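What you see below is based on every heavy atom in this structure, not just the backbone, and it leaves out hydrogens, waters and symmetry mates. Throughout, residue positions are numbered sequentially from 1 according to the sequence presented. Computed from a predicted model, the values in this text were never measured in an experiment.
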Amino acid sequence: MGHSSAVWDCKAAIEKTKDLNGVGQVVLRNPQGASAQVSLHGGQVTSWRNEHGEELLFTSSKAIFKPPKAMRGGIPICFPQFGNCGSLELHGFARNKVWAIDDNPPVLRPNDSQGKSFVDLLLKPSEEDLKFWPHSFEFRLRVSLAINGDLTLISRVRNVNGKMFSFSFAYHTYFLVSDISEVRIEGLETCDYLDNLCHRERFTEQGDALTFESEVDRLYLSSCKVIAVLDHEKKQTYVIRKEGLPDVVVWNPWEKKSKSMVDFGDEEYKQMLCVDAAAIEKPITLKPGEEWTGRLQLSVVPSSFCSENLDLEKGGF
């Protein structure tokens with residue numbers, strides 16, 4: 001995405017509006033024309049476009065946009081549970097709650113704000129939530145769009161309870177791809193993973209890259225901080241940088257499972273791939289007053305640049 005050193009008004013690049021169902025949303029823009037859209041329903045990023053206006057995140061044509069159903073696509077926030085590994089609803093309740101705009105968030109480090117348009121959101125448990133998950137917390141989410149088009153999500157969960165609690169977490173990112181059979185993931189080689197299609201049996205990734213010929217549902221453990229998703233047909237690469245999130249979920253439902261999901265088109269598995277920065281195998285545990293931070297930065301670069309210049313062993317922010 002393009003670069004610019006011009007001074008620009010970050011606050012003027014933020015638009016607060018409502019969707020067709022009257023749910024609040026925030027649109028972030030940068031000087032080059034890139035944009036991101038964040039719904040207050042679930043704190044969910046629902047769109048990320050490059051400077052040419054091309055969408056980078058997948059949303060199903062059958063997605064249900066009306067609360068309380070979570071939308072199939074974008075970047076849902078999975079908290080305090082991922083999947084069905086617990087007593088709560090699938091992927092936890094955060095993605096089905098209405099978040100508030102946080103006008104006075106605690107300070108983040110300077111490079112999380114400078115040269116970026118951003119919005120801060122806040123989720124606190126309702127009385128109803130406390131009946132099912134009896135832990136008081138403050139969940140702060142910053143979504144920012146940089147001048148170069150990078151999209152960053154920073155989650156901060158603080159324990160304001162009188163007792164310790166644990167949770168799992170994922171940024172359930174749906175990438176839009178040209179053809180799943182032409183996509184590969186680099187950065188997961190030699191990682192152990194739990195295969196959900198084999199009763200969570202543990203394996204070690206043997207290949208130099210992960211490619212797709214059938215359904216995949218895996219949890220990669222203790223992965224490196226940078227993962228690359230290469231789309232050969234588009235000749236572009238999604239670069240995923242993460243902190244505080246040791247695991248990576250890789251999911252594509254393929255043909256049979258696609259047909260069983262009411263909010264997903266039968267053939268749409270060909271145009272999507274979920275690669276989630278996550279903390280699942282070892283849940284995050286917070287003592288009273290403690291705070292956890294999980295960061296995700298998404299970039300798009302030409303695939304030639306990635307293969308020649310991207311060092312997957314290093315990275316970070």
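Every residue was checked against the salt bridge (charged side-chain N to carboxylate O under 4.0 Å, His left out) condition with Glu268, not counting sequence neighbours, and none meets it. Contacts of Asp266 classified as salt bridge (charged side-chain N to carboxylate O under 4.0 Å, His left out), with partners at least two apart in sequence or in another chain: none. Asp263 is linked by a salt bridge (charged side-chain N to carboxylate O under 4.0 Å, His left out) to Arg72, counting only residues two or more places apart in sequence or in another chain.
Checked against the 6.0 Å centroid threshold, Phe139 and Phe79 count as a close aromatic pair. Aromatic ring centres of Tyr269 and Phe58: separated by at least 6.0 Å. Proximity of the aromatic rings of Phe212 and Trp254 is defined here by a centroid distance below 6.0 angstrom, and this criterion is not met.
Asp208 CG: 12 or fewer foreign heavy atoms inside a 6.0 Å radius.
Among Val275, Leu153, Leu57, the one residue that satisfies the side chain to side chain contact (heavy atoms under 4.5 Å, CB included) test with Thr173 is Leu57. When Val26, Thr46, Leu28, Thr17 are each tested for a side chain to side chain contact (heavy atoms under 4.5 Å, CB included) with Gln37, only one passes: Thr46.
Taking the side chain as every heavy atom from C-beta outward, Met272 and Pro253 approach each other to under 4.5 Å.
With Glu291 contributing its side chain and Leu286 its backbone, the two residues share no donor-acceptor pair below 3.5 Å. Here the side chain of Tyr238 pairs a donor or acceptor atom with the backbone of Leu56 at under 3.5 angstrom.
At a cut-off of 3.5 Å, with distance as the only test, a side-chain donor of Thr204 or Asp192 sits close to an acceptor on the other residue.
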